[in-house]
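The figures that follow rest on heavy atoms only: side chains count, while hydrogens, waters and symmetry mates do not.
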Amino acid sequence: YLPDAMMDLEFRFPALQGPLQHAASVLSVACPTPDVAFLLMLPREEMLRRMVVKAEPFPDAPPIRDARYTAYERLARSGSHTVIDGGAGIDEVHAQILAGLPGS
């Protein structure tokens, strides 16, 4: 949840990069670390389709949306999260999450 929140703040408030980086370092120490972190990813086309279908009330401007998607792709490649295809069926996503939990 912390990487997602920090990305959102960085993209929405680029002028606050310095304070945000400081806040991120403090929060990374103060917040609990999850045993496992999942990242549900969608192909870009599906993400755009869902944005239209749900009538996103405050959609990102295209440059921010592209930068955000690129940031999530980087996060997916970082190895810090178990990446799950969010476009898969509900049962498949559920099974992948269960399989990724410690002790499963």
Inter-residue atom distance [X].[atom1] - [Y].[atom2], 0.5 Å rounding:
X: L48; Y: L42; atom1: CG; atom2: CG; result: 10.0 Å
X: Q96; Y: D85; atom1: CD; atom2: CG; result: 7.0 Å
X: R44; Y: R65; atom1: CZ; atom2: CZ; result: 8.5 Å
X: Q17; Y: E10; atom1: CD; atom2: CD; result: 5.0 Å
X: M41; Y: Y69; atom1: CE; atom2: OH; result: 4.5 Å
X: E73; Y: R68; atom1: CD; atom2: CZ; result: 13.5 Å

Would a 4.5 Å heavy-atom cut-off, applied to side chains only, mark [X] and [Y] as touching?
X: T82; Y: V36; value: yes
X: L16; Y: L9; value: no
X: D60; Y: M51; value: no
X: M6; Y: Q21; value: no
X: P19; Y: H22; value: no
X: P63; Y: D66; value: no

Hey, mind stepping through L40 and V93 against side-chain contact (heavy atoms from CB on, under 4.5 Å) and telling me if it holds?
-> CA-CA 9 Å; L40 278 69; V93 171; 3.9 Å; yes
State, to 0.1 Å, how close A37 and S80 come at their nearest heavy-atom pair, and which atoms those are.
->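 Heavy atoms only, the tightest pair is CB-O, 4.0 Å.
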Hydrophobic clusters here meaning ILVMFWY residues chained together by side-chain heavy-atom distances under 4.5 Å, can you tell me if [X] and [Y] are in one?
X: F13; Y: L2; value: yes
X: L20; Y: F11; value: no
X: M47; Y: M7; value: yes

Test: R50 and E46 ion pair at under 4.0 Å |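 Answer for the salt bridge query: yes.
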Can L39 and I84 be said to form a side-chain contact (heavy atoms from CB on, under 4.5 Å), step by step?
-> CA-CA 6 Å; L39 176 62; I84 294 176; over 6 Å; no
Flag yes if more than 12 heavy atoms outside L98 fall under 6.0 Å of its CG atom; otherwise flag no.
->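 Enclosed: over 12 neighbouring heavy atoms sit under 6.0 Å from CG of L98.
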Please test V83 against R77 for side-chain contact (heavy atoms from CB on, under 4.5 Å), starting from the C-alpha separation and ending with a verdict.
-> CA-CA 9 Å; V83 180; R77 289 189 306 270; over 6 Å; no
